[in-house]
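Here is the structure we will look at.
Bear in mind that the values here come from a model prediction, so they are computed numbers and not experimental data.
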Amino acid sequence: MSEKSLLSSRFLFYTITVSTLLFICSSLFFLQRNESSFTSSLVRKLILPRTDIKNEDFRQINTIYGRKRNVLKVFMYDLPSEFHFGILNWHSKGSEIWPNVNNISSIPSYPGGLNRQHSVEYWLTLDLLASEIGEIKRPCSAIRVKNSLEADIVFVPFFASLSYNRKSKIRGNETISVDRLLQERLVEFLKSQEEWKRFDGKDHLIIAHHPNSLLYARNSLGSAMFILSDFGRYSSTIANLEKDIIAPYVHVVKTISNNESAPFEKRPVLAYFQGAIYRKDGGNIRQELYNLLKDEKDVHFAFGTVKGNGTKQTGKGMASSKFCLNIAGDTPSSNRLFDAIVSHCVPVIISDQIELPFEDTFDYSGFSVFLHSSEAVKKGVLVNLLRGITENQWKKKWERLKEVVECFEYRFPSQPGDSVDMIWSAVSHKLSSLQFDVHRKNRYRRSEIFDRNQSS
């Protein structure tokens with residue numbers, strides 16, 4: 001072949017290559033601008049290998065895991081009322097599924113006492129319902145969307161803690177508790193949903209704040225993101241910090257306002273504890289500490305319950321104490337920590353396995369004292385540690401408590417920086433690890449489907 005002919009062939013090859021690249025780039029740009037057009041579909045077929053993956057799956061993944069995420073988009077299942085507000089004796093009218101949250105009087109109240117401490121699902125469900133009503137002023141940290149393909153997370157509105165507290169006992173001629181029956185029906189429902197099948201439930205959010213709630217379903221639904229009080233009664237394969245969220249208990253004592261918060265010199269009690277002393281599992285330390293501290297004149301360490309005037313007495317005692325002891329019981333956590341926070345009583349955390357809510361946001365050492373259980377049970381160690389904290393050191397923690405207390409309040413409507421808002425923020429933070437899991441799962445998905453198509 002002559003040199004002139006060779007140059008002509010090369011020029012033709014380069015011209016075709018450049019033209020093809022320009023066509024691909026311009027087509028992709030047009031595809032982004034007009035995804036639903038006939039041309040878009042044609043270009044996809046020309047450029048992408050044949051697969052069975054639907055275009056909306058790619059759009060969904062891009063929506064869920066987009067880097068710019070200002071508002072958490074939540075798809076919530078319309079479960080029958082018996083899974084949520086029906087447990088509170090709310091009765092729907094006609095085709096109603098949810099109470100009208102725009103009318104406060106129509107919202108069923110949550111029972112008080114210790115039932116209230118695990119009412120997280122109640123507050124988050126109300127917040128999602130409120131997001132659909134423009135007249136209700138609330139943070140725009142999470143909104144409900146009706147199309148699951150647009151959602152960042154799928155919310156399961158099962159009041160698991162309330163179901164355990166009210167429906168877990170077998171009554172009359174029942175052979176199975178209503179709580180267990182609801183859990184079995186929930187598993188059956190979720191496993192049949194396309195939303196669950198898409199990512200094996202990894203993008204689902206389930207609240208099981210009471211340690212004994214969701215007892216029969218947790219293993220079947222363990223791929224979901226849980227909101228829990230701690231991991232004390234879960235295996236690490238089912239619940240862990242990598243995928244799940246620790247939420248604060250709802251405090252049961254009255255919140256002390258900053259103006260009414262007693263300073264150092266007006267808190268005569270050095271350390272305060274009132275509650276169950278004789279516990280099982282890791283709670284044996286309570287009895288050991290009781291024996292060590294019962295004769296200390298400036299320490300209040302006594303048995304107590306919420307019955308009668310118990311809650312009011314506890315609130316008053318915490319508000320007049322410098323330090324409040326938060327000691328491991330049957331589980332690593334308790335609402336006592338959050339009662340101390342809203343009483344502006346510096347928490348002393350003696351629970352080696354405890355996990356704390358929002359710890360990616362807060363440095364708890366700024367308003368708490370931590371002590372290993374093995375050190376706390378040594379004679380004199382705890383009281384000497386607390387007596388060695390100066391007034392200025394205590395005051396710094398006290399001032400910080402007053403700054404963070406709002407983050408441990410559940411409200412309806414929710415407020416910026418309250419517990420509801422903080423939980424939604426924590427869910428958003430978890431989405432990056434969820435993205436990682438989904439991307440790993442999809443490593444060979446397209447290539448395997450492509451290979452199957454080529455061989456068929």
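- Checked against a 6.0 Å centroid threshold, the rings of F159 and F85 count as neighbours.
- Using the six-membered ring where Trp is involved, H118 and H209 have ring planes that are tilted, between 30° and 60° apart.
- Residue pairs satisfying the salt bridge (charged side-chain N to carboxylate O under 4.0 Å, His left out) criterion with at least one member in residues 339-364, sequence neighbours excluded, are absent.
- In this structure, N240 contributes its side chain and S236 its backbone to a donor-acceptor pair below 3.5 Å.
- The local environment of NZ in K396 is sparse, with at most 12 non-hydrogen atoms from other residues, nucleotides or ligands closer than 6.0 Å.
- Ring pair F189/Y77 is perpendicular by interplanar angle, where above 60° counts as perpendicular and below 30° as parallel.
- A donor-acceptor distance shorter than 3.5 angstrom exists from the side chain of R267 to the backbone of S321, with no hydrogens or angles considered.
- In this structure, Q117 contributes its side chain and L114 its backbone to a donor-acceptor pair below 3.5 Å.
- Classified by interplanar angle (parallel below 30°, tilted 30° to 60°, perpendicular above 60°), the ring pair F408/F358 is tilted.
- A donor-acceptor pair under 3.5 Å is absent between the side-chain atoms of S119 and the main chain of Y122, judged by distance alone.
- Side-chain N or O atoms of D418 include one that pairs as donor or acceptor with a backbone N or O of D421 at under 3.5 Å.
- Note: W196 and H204 meet the aromatic proximity criterion, with ring centroids under 6.0 Å apart.
- The backbone N or O of Y410 lies less than 3.5 Å from no partner atom in the side chain of S414, so there is not a single donor-acceptor pair.
- Nearest heavy atoms, F226 versus L221: CZ-O, 3.5 Å.
- Checking side-chain atoms of R218 against main-chain N and O of I238 turns up no donor-acceptor pair under 3.5 Å.
- Here the side chain of S368 pairs no donor or acceptor atom with the backbone of V348 at under 3.5 angstrom.
- Partners of S333 under the side chain to side chain donor-acceptor pair (under 3.5 Å) rule, at least two apart in sequence or in another chain, are D230, Y249.
- Between the side chain of Q393 and the backbone N or O of T390 there is at least one donor-acceptor pair closer than 3.5 Å.
- Looking at H210, its side chain does come within 3.5 Å of a backbone N or O of N212 through a donor-acceptor pair.
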Practice problem: Applying side chain to side chain donor-acceptor pair (under 3.5 Å), run through Y272 and Q274 and close with a yes or a no. | Solution: CA-CA 7 Å; Y272 184 92; Q274 185 157 308; 3.2 Å; yes

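- Checked against the 6.0 Å centroid threshold, W98 and H84 count as a close aromatic pair.
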